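Note: hydrogens, waters and symmetry copies are ignored here, and every other heavy atom, side chains too, is used. Everything numeric in this text was worked out from a predicted model, so none of it was measured. Protein chains get the first letters and strands the later ones, always in sequence-line order, with residue 1 at the start of each.
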Protein chains: 2
Amino acid sequence: MTSPSVRTRKVILDAAREEFAAHGLAGGRVERIAKAAGANVQRIYAYYSDKQGLFDAVVLDAAASLAEAIRTEHRDIDSLANAIFDFVVNDPANTRTMTWARLEREDEFFQLMDTGQSGVGAVSELARLQDAGLVTTDWDAVTILEALIALCEQWHPNTRENGRSDIDRHRALVLRFVRTLAVEPAAS
Amino acid sequence: MTSPSVRTRKVILDAAREEFAAHGLAGGRVERIAKAAGANVQRIYAYYSDKQGLFDAVVLDAAASLAEAIRTEHRDIDSLANAIFDFVVNDPANTRTMTWARLEREDEFFQLMDTGQSGVGAVSELARLQDAGLVTTDWDAVTILEALIALCEQWHPNTRENGRSDIDRHRALVLRFVRTLAVEPAAS
DNA sequence: AGCTAAAAAGCAAATACTTATTTGGAAAAG
DNA sequence: CTTTTCCAAATAAGTATTTGCTTTTTAGCT
């Protein structure tokens, strides 16, 4: 059913995800992507117009999958924090890609994000928790969310060899942080 | 007094700092560095052997200046956190450089850091506070420090237009975090 | 000081290679 | 038959690094 063009588009995007996560936009090699995808270089240009277009597609995709990962309703900020933490731990490549994007496409980054309405889900989710009186309103949702993501990303992929116990300890640290932002429901 | 070679080394390093902070290792251009330094390309190779050697020199330098910025004794973790925060805010280029280094020289990054004994100062400073019973020992000094730096870096240079008030609000968030790690001195 | 020879610093142009992007045409699909 | 997909090879820059030579600095000596 899937037309060959759709399939090729996908294998190219998959290969690009790995390549760009590893080497970034400037360091990524179009030829390596084509080879890894088992496709021809020319197809990249046919589908994504140029290297940068492909990179942007990868970035949007990464942002979308973060949004996807935290889409469900969360009863509290702990739950939201855990979802973000899991995502970062389980897919370090995505995190790398976002970091590359912030560095290499600084000017276009937020515009790019808006296009894909990426973080929106998480922001509104957090805002909802604030509205419900469960999270402090001392900071706006975006600020808190970015702090949270920054904390989660701390280890991954920035550090050598993270054993399971390291991860658990790191998770505990993140949770300790978010709990300081939680508002205790008033005793009824 | 300063020999010309010393001076040239320095102007090259200064130019490289800017170039690499802006574009990273793969994206940085040797020729641009030479031009900005008002020096010849060949001098770069004479002094730093190659592009990567120059990049590493820049990274070590960035690490050293972070170490320098927090060298003084801190009476509590608030004071330490403020020092780190100030450094990150005042010199976003340094922060970018470190981020580039973690991405582009992932494997060599920590080895590089050890060479320059960069973070050591901050780690031992924090450990001292822990020994004095002023900071939780639930996490080791390295973990806490990396969390702290991650939080401080959150905005800078990752976001558009940070007004003074944004910065102050961000600082407050960082401080809120570190206070949860502080141990109240037992009432005497 | 002044002189001089060795060493170091400086540069423009050449080299050698990588790499993004295009072309022109063949094969497959609709 | 027309359109789309595919590809190998060509193109066209761009870029790190080296070479060969000139100029400046350094350091020893009278």
Side-chain angles (χ1 to χ4, degrees), chain A residues 1-61 97 100-101 103-108 112, chain B residues 1-60 97 100-101 103-105 107-108 112:
Chain A
M1 208 67 345
T2 56
S3 79
S5 68
V6 171
R7 210 193 67 86
T8 305
R9 268 186 101 97
K10 187 182 167 349
V11 295
I12 287 176
L13 196 68
D14 287 341
R17 230 193 305 274
E18 276 201 45
E19 177 71 12
F20 287 134
H23 304 107
L25 173 57
R29 293 290 166 254
V30 172
E31 207 174 338
R32 273 201 299 251
I33 293 172
K35 191 171 224 171
N40 189 278
V41 176
Q42 206 278 329
R43 287 297 89 195
I44 291 173
Y45 290 88
Y47 294 132
Y48 298 95
S49 70
D50 58 11
K51 183 182 170 183
Q52 186 171 283
L54 179 54
F55 181 76
D56 288 351
V58 168
V59 173
L60 282 179
D61 190 77
T97 298
W100 283 117
L103 287 174
E104 301 196 276
R105 310 250 317 127
E106 197 184 12
D107 295 340
E108 300 84 355
L112 216 56
Chain B
M1 205 73 339
T2 55
S3 80
S5 68
V6 170
R7 210 193 66 88
T8 303
R9 270 187 98 100
K10 185 179 168 349
V11 295
I12 287 176
L13 196 68
D14 288 342
R17 230 194 305 274
E18 276 201 44
E19 176 71 13
F20 287 134
H23 305 108
L25 173 57
R29 295 288 166 257
V30 172
E31 207 174 339
R32 273 202 298 253
I33 294 172
K35 190 169 227 174
N40 190 278
V41 176
Q42 206 278 328
R43 286 297 91 193
I44 290 174
Y45 291 88
Y47 293 132
Y48 299 97
S49 70
D50 57 12
K51 184 181 169 184
Q52 185 171 283
L54 179 55
F55 182 76
D56 288 351
V58 168
V59 172
L60 282 179
T97 298
W100 284 116
L103 287 174
E104 300 196 275
R105 310 254 311 131
D107 295 341
E108 301 83 355
L112 215 55

Whole-Å distance, A:F20 CZ to C:dT19 C1', equals 13 Å

d(B:R29 CZ, B:K35 NZ) to nearest 0.5 Å is 14.5 Å

- Task: State whether A:Y47 places a side-chain N or O below 4.0 Å from either non-bridging phosphate oxygen (OP1 or OP2) of D:dC6.
- Result: yes

So what does A:G28 hit on the nucleic acid, given a heavy-atom distance under 4.0 Å: a base, only sugar-phosphate, or nothing?
sugar-phosphate

Tightest non-hydrogen contact, residues A:E104 and A:F55, listed as OE1-CZ, 4.3 Å

Closest heavy-atom pair, B:Y45 versus B:K51, reported as atoms and distance to 0.1 Å, is CE2-N, 4.4 Å

Tell me whether the side-chain N/O atoms of B:T8 come closer than 4.0 Å to OP1 or OP2 in C:dA9. no

Rounded to whole Å, the OH-P distance (B:Y45 to C:dA14) equals 18 Å

From CZ of A:F55 across to P of C:dA20 the rounded distance in Å is 14 Å

To the nearest angstrom, the CD1-C1' distance between A:I44 and C:dT19 comes to 12 Å

When rounded to whole Å, the CZ to C1' distance for the pair B:R7 and C:dG10 reads 12 Å

The residue, A:A26 or A:Q42, whose nearest nucleotide of DNA chain C is more 5′ is A:A26

note: A:R32, atom CZ; C:dA20, atom C1'; distance rounded to Å ~ 13 Å

Rounded to whole Å, the CZ-C1' distance (A:R43 to C:dA26) equals 13 Å

Side chain of B:W100, backbone of B:A21: donor and acceptor closer than 3.5 Å?
yes

B:N40 CG to D:dT18 C1', in whole Å, measures 12 Å

| task | Indicate whether OP1 or OP2 belonging to C:dT18 is found under 4.0 Å from a side-chain N or O atom of A:R29. | result | no

